[in-house]
Amino acid sequence: MDTALLNSEAVDLLSRIIGQKLHQQELTPPAIFLAALVTVLLGVMHADGTVTDVEIRRLVTTLNRFTLPDSDARRLAHRSIKGIRENQVYANTDNVKALTTLLSEPERLLLIAIGYEMSMTDGEIKSSEKQYLQLVAEQLQVTSSHLTVLESELIDQGTVDAKALDEVHSLLNPIQFELLGSLFVNAASEILINLPNRPQSQSRQTVESYSPELKQSTTKLKELVQACLDELHRAEDAFDSKTRIFEIAKEDIYEQMGEISGRDIRIRRLVKQCKSQTAKQVKKNWEERIDCLRKKWFLDAKQKQKQEIGWVDKDKFIKDIRLHIDSQAKDLYVVVIDSLILIYKEVKAIDLELMERSMELLDQQTKADLIHQMYSILSEITTKFCNLTEYPPSNGKNFTVAVSFPLGVLVNKSLGDIYWKTVAVSSPLGALVNQNWGDIYWKDVVKFKNEVESIIDDIITELFDDRVKLATQALARAISFYDDFLERQERYQQETPEQREAEKTWIAQQRQELEQVQKNIEAILPS
């Protein structure tokens, strides 16, 4: 596309479409192509006199396919919809000609190909839509044989002319659209994938009888070339991302980094406060349970303190204290979860919009990796903060096990009942109930209470440290992302126009050479 040939008539038409005065230097090749594309797509949509919601969604999806999120190109493309529809630009042959006169032959064919995709939105090509596309194609000087090839992509109409098919493949070769950008290259590639394969050359047909070893080598060669092309596409995408990265203001990033750092400090203070309050509440609950046991088992008929209980009461006391231990375990995790939810809310309150917007500007591979990492971390935080018992710390204690460790269980198979007979002496409860053959002393219950409080402290510390470590690591990862982004931005801004042009030329040369190698393999070797 040679924008130097853009005349005042086309500039005035585009200004009316957009609704503001445009200057020739503002009309880039992608902007001109998108204006022509919107015109043709709206013409297809209105050809049958009815515009469906499905067609509208397809129009928006198609425009988004050629533009980056939050870009001027996308905003202009969406604004042009209203102007083209209100002025019925698609129905005026002179207007259509003015918008498409600068398009190259490959660009005109791509435009019509996308129009055919729109015509199939409802599942079939309606005759009115087909006639409109044929009329536009005639204005664009797209040959009828090429239209037949495009239609074969969408409907089963038998074989197509081999020469025409080869010509369409050449015209829609992605390299033809590099000046428009990688999004247009990708669109052309997607259309080519759905077209019938190019016919085999004579030289290729003569080697069909080659050995399986040669065919295997051919496959490996094709895979290697395709891998190189894929890697080159990633390099091209990374090159294109440089200009996008300039769009984010440093001040916005510094502000976000300051907000994250401040939140990290608030989280650490909140953790200290919540941990202290949690330990205080859980210990209070435990003391109340021990006092309940004291009143029930260690007060005589005159409500005076007993120093021990005998063998007769021991089994009942063990069952009773076991119930209190189980209840205390539930209380412990409920109180801890309530506190961790406050910390979780602080983490979730971080504004990720700028980070997501920054990631969108990166090359596709880097963006995909970072977005996957970000949402994996957020998912892990949500899961672990809200499910303490299902996702305990790797070396953390279980309250019930740490306190009572119920190894000694006797099963009475005839009755089906499970009776608590003894517990491991190594646990606090085991030490309490097995220290003496018969009696249980109140001083040992007090010792047991204190040992359990120490276990409570350990578990609360383990749970808070594990979850807070996860949250602070997420914040550190966010800071690291911004540091890397700023480093990229600084490095790219220091590059000279000559450096960028050299990189662009190198990528184009490598692609041309690889595609030539690919064509040679296709031409002389069997598939």
Side-chain angles (χ1 to χ4, degrees), residues 10 13-14 16-19 31-67 74 76-101 103 106-158 160 164 168 171-172 184 187-188 190-196:
L13 175 59
L14 288 166
R16 291 201 307 274
I17 289 172
I18 300 301
I32 295 171
F33 182 91
L34 287 172
L37 179 61
V38 173
T39 299
V40 171
L41 296 184
L42 284 173
V44 173
M45 293 166 60
H46 285 85
D48 61 356
T50 302
V51 177
T52 66
D53 290 341
V54 177
E55 288 176 327
I56 294 173
R57 288 195 296 270
R58 180 59 181 263
L59 172 63
V60 174
T61 301
T62 301
L63 294 182
N64 292 347
R65 179 182 176 188
F66 291 95
T67 56
R74 178 167 294 186
L76 285 173
H78 284 288
R79 285 177 62 184
S80 70
I81 295 174
K82 179 180 179 182
I84 291 172
R85 188 178 64 247
E86 289 180 349
N87 292 284
Q88 295 188 351
V89 177
Y90 52 84
N92 187 312
T93 56
D94 291 336
N95 287 341
V96 174
K97 184 177 180 180
L99 289 174
T100 58
T101 187
L103 301 186
E107 291 166 352
R108 295 197 300 270
L109 186 60
L110 178 63
L111 186 69
I112 294 297
I114 300 168
Y116 270 103
E117 288 183 344
M118 171 61 80
S119 70
M120 280 296 291
T121 299
D122 296 326
E124 62 177 354
I125 302 179
K126 297 178 180 177
S127 59
S128 56
E129 295 172 342
K130 185 175 180 180
Q131 289 173 4
Y132 176 80
L133 286 169
Q134 289 174 340
L135 177 62
V136 173
E138 184 178 347
Q139 289 180 309
L140 299 181
Q141 297 182 336
V142 176
T143 65
S144 59
S145 60
H146 293 172
L147 291 184
T148 302
V149 173
L150 295 179
E151 291 174 8
S152 70
E153 173 194 355
L154 305 172
I155 58 177
D156 184 14
Q157 56 178 40
V160 295
V168 169
L171 289 170
L172 293 180
F184 291 82
E190 291 170 6
I191 291 174
L192 279 181
I193 290 173
N194 294 319
L195 288 177

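Below, each value reflects all heavy atoms present in this structure, side chains not excepted, and no hydrogens, waters or symmetry copies. Along the sequence shown, the residues carry numbers beginning at 1. The structure displayed is predicted, hence computed values, not measured ones.
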> Using every non-hydrogen atom in the two residues, find where Leu110 and Ala188 come nearest and quote the distance to one decimal.
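Closest pair (atom of Leu110, atom of Ala188, distance): CD1-CA, 4.3 Å.
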
> Give the intermediate values and the outcome of side chain to side chain contact (heavy atoms under 4.5 Å, CB included) for residues Val44 and Met120.
CA-CA 10 Å; Val44 173; Met120 280 296 291; over 6 Å; no

> Is the distance from the ring center of Phe33 to that of Phe184 below 6.0 Å?
yes

> Using the side chain to side chain contact (heavy atoms under 4.5 Å, CB included) rule, take Leu133 and Lys130 through it: C-alpha gap first, then chi angles, then the decisive distance, then the call.
CA-CA 5 Å; Leu133 286 169; Lys130 185 175 180 180; 5.8 Å; no

> Test Leu37 against Leu34 for side chain to side chain contact (heavy atoms under 4.5 Å, CB included), laying out the working first.
CA-CA 5 Å; Leu37 179 61; Leu34 287 172; 4.3 Å; yes

> Roughly how far, to the nearest 0.5 Å, is NE2 of His46 from CD of Glu55?
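Result: 9.0 Å between the selected atoms.
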
> Of all heavy-atom pairs between Leu41 and Ile114, which one has the smallest distance, and what is that distance?
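Looking at all heavy atoms of both residues, the closest pair is CD2-O, 3.8 Å.
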
> So which heavy atom on Leu103 is nearest to which on Ala36, and how close?
CD1-CB, 4.4 Å

> Testing the basics here: between Glu129 and Ser119, what is the closest heavy-atom pair and its distance to 0.1 Å?
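Smallest interatomic distance, heavy atoms only, reads OE1-O, 3.2 Å.
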
> Compare every heavy atom of Ser80 with every heavy atom of Val38, then report the nearest pair and how far apart it is.
CG2-OG, 3.7 Å

> To the nearest 0.5 Å, what is the distance between OG1 on Thr101 and CD on Gln139?
11.0 Å

> Can you check whether Leu63 reaches Ile81 side chain to side chain, under 4.5 Å on heavy atoms?
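A side-chain contact exists here, since the closest heavy-atom pair is under 4.5 Å.
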
> Other residues, nucleotides and ligands only: do more than 12 of their heavy atoms fall within 6.0 Å of CD on Glu138?
no

> Can you tell me how far apart CD (Gln88) and CG (Leu42) are? Round to the nearest 0.5 Å.
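Going from the CD atom of Gln88 to the CG atom of Leu42 covers 10.5 Å.
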
> With a 4.5 Å heavy-atom cut-off, do Leu111 and Arg108 have their side chains touching?
no

> Rounded to the nearest 0.5 Å, how far apart are OG1 of Thr61 and CD1 of Ile56?
11.5 Å

> Under 3.5 Å, is there a donor-acceptor pair between the side chain of Tyr132 and the main chain of Tyr90?
yes

> With a 3.5 Å distance limit and no angle check, can you tell me whether Arg58 reaches the backbone of Met118 through a side-chain donor-acceptor pair?
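Absent.
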
> Say whether, by atom type as modelled, one donor and one acceptor occur between the side chain of Asp48 and the main chain of Thr50 under 3.5 angstrom.
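Here the side-chain-to-backbone pair exists.
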
> Closest approach of Ala35 and Ile84, non-hydrogen atoms and distance?
O-CD1, 3.6 Å

> Please walk me through it: do Asn95 and Asn87 pass side chain to side chain contact (heavy atoms under 4.5 Å, CB included)?
CA-CA 10 Å; Asn95 287 341; Asn87 292 284; over 6 Å; no

> What I'd like to find out is whether the side chain of Glu117 reaches to under 4.5 Å of the side chain of Thr62, using heavy atoms alone.
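Side-chain contact under 4.5 Å: no.
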
